[in-house]
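Single-structure report; data block below.
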Amino acid sequence: MVQKYFAKISGTGRYLPKKVLTNHDLERMVDTNDEWIRTRTGMQERRVAAEGETTSDLAAKAGQQAIEAAGLRAKDIEMVIVCTVTGDHAFPSTSCLVQKKLGIKNTATAFDVSAGCTGFIYGANIAQQFIENGTKKHILVIGAETLTRILNWNDRGTCVLFGDGAGAAVFSRAENIDIAKVIDSEVSADGNFGELLIQPAGGSKMPASQETVQQNLHTVHMEGNKIFKLAVKSMYHLCDVVLKRNKMDVESIDWLIPHQANLRIIQALGKKLKIQNKKVIVNIEKYANTSAATVPIALDEAIKLKNIRRGDVVLMTAFGAGLTSGALLFRY
């Protein structure tokens with residue numbers, strides 16, 4: 001008889017830089033105002049990494065918390081997955097830098113995942129597969145970004161939306177007595193819409209040059225209005241897929257953790273899913289959009305605040321550059 005394994009989330013962590021950038025601060029930097037930002041996005045402030053503070057620094061601090069929360073040591077981690085679009089370097093991978101900073105043994109596997117804001121869901125999906133097939137027992141998945149490093153601070157349409165931060169979770173093999181387990185997950189992508197959210201320069205298509213720097217082509221370019229409908233549609237679809245596949249409905253869910261990109265998107269998704277507002281976890285007002293880090297930051301914060309308790313069923317979902325989307329359903 002083939003052994004059946006399940007994955008569970010055994011520990012979580014988060015790290016936010018100390019510097020806070022408020023909407024009122026942005027009023028002095030770009031043509032915008034607090035009311036406009038709050039009413040259109042739900043954001044009030046965001047965090048900014050300190051000078052010299054890198055994505056791997058943020059990731060390592062969140063990862064260390066998650067390892068400790070899981071009751072493990074660095075030597076127990078067999079794989080490190082860092083989900084980011086703002087790595088320290090083009091290469092080596094940020095995951096290898098995190099592995100070094102955390103003192104994780106050199107026999108562990110380490111790699112990065114680039115799936116935009118869906119990154120953490122992608123990483124969790126990968127970790128789930130490795131654990132369920134019996135290959136690994138403990139995998140550290142981190143969503144980490146320093147997005148303020150790639151913003152055009154003269155573009156009021158994008159610079160107000162993003163912040164820096166990191167969130168992490170350890171996925172472990174569940175024991176037979178555990179009620180906690182990953183129930184299901186699904187990830188998807190549609191490259192036809194890749195141009196809607198992009199950092200145009202810096203890759204092989206448009207290497208760095210004096211012109212690309214002068215034209216701000218190394219910064220975030222986004223067509224927000226077009227992304228809105230695609231975001232709601234894709235997240236709803238994948239949430240529906242994982243629920244129906246497991247003969248569950250929204251009433252079975254204790255908590256929904258959506259990607260924190262825009263409060264209007266979150267509200268539209270909640271309405272489409274017909275889920276009670278009190279079941280939707282929102283912290284966008286404090287941290288803005290930290291891309292791959294939003295979901296794990298919200299997860300850890302909700303656990304630490306004791307909103308999410310043992311036995312609760314949680315549905316996480318996100319969308320991002322690619323365009324990618326994903327959903328993960330688990331019992332904590």
Measure the shortest side-chain to side-chain distance between [X] and [Y] over non-hydrogen atoms and say whether it is less than 4.5 angstrom.
X      : Y      : answer
Asn23  : Arg46  : yes
Gln260 : Tyr287 : no
Val80  : Leu102 : no
Ile121 : Met316 : yes
Val220 : Leu197 : yes
Lys274 : Val250 : no
Pro296 : Thr12  : no

Keeping [X] on the side-chain end and [Y] on the backbone end, is there a donor-acceptor pair under 3.5 Å?
X      : Y      : answer
Thr118 : Gly326 : no
Arg47  : Gly163 : no
Asn33  : Trp36  : yes
Asn262 : Arg40  : yes
Gln199 : His221 : no
Glu27  : Asp34  : yes
Asp240 : His237 : no
Asp164 : Leu147 : yes

Test applied, side chain to side chain contact (heavy atoms under 4.5 Å, CB included); reference residue, Val170; option that passes from Val141, Ile139, Ile67: Ile67
Glu53/Lys19 ion pair, N-O < 4.0 Å: no
Salt bridge present between Lys101 and Asp57 (N-O < 4.0 angstrom): yes
Cluster overlap [X] with [Y], hydrophobic side-chain contacts below 4.5 Å:
X      : Y      : answer
Phe111 : Leu97  : no
Ile265 : Leu161 : yes
Val182 : Met79  : yes
Tyr122 : Leu230 : no

Ring geometry between His259 and Phe319 (parallel below 30°, tilted from 30 to 60°, perpendicular above 60°): perpendicular
Would you compute the distance between atom [atom1] of [X] and atom [atom2] of [Y] and round it to the nearest 0.5 angstrom?
X      : Y      : atom1 : atom2 : value
Ile297 : Ile281 : CD1   : CD1   : 13.5 Å
Cys239 : Ile253 : SG    : CD1   : 8.5 Å
Gln99  : Lys105 : CD    : NZ    : 10.5 Å
Leu21  : Cys159 : CG    : SG    : 8.5 Å

Can you confirm whether the side chains of [X] and [Y] place a donor and an acceptor under 3.5 Å from each other?
X      : Y      : result
Ser56  : Thr94  : no
Asp312 : Trp255 : yes
Thr212 : His218 : yes
Asn216 : Thr219 : no
Glu145 : Thr290 : no

Glu35, CD: over 12 other non-hydrogen atoms inside 6.0 angstrom: no
Arg245 CZ: over 12 foreign heavy atoms closer than 6.0 Å: yes
Row check, Phe6 ring normal vs Arg173 NZ/CZ: under 6.0 Å, within 45°: no
Lys233 to Tyr236, cation-pi by 6.0 Å centre distance and 45° axis angle: no
Stepwise side-chain contact (heavy atoms from CB on, under 4.5 Å) check, Thr146 with Thr54: CA-CA 7 Å; Thr146 49; Thr54 66; 6.0 Å; no
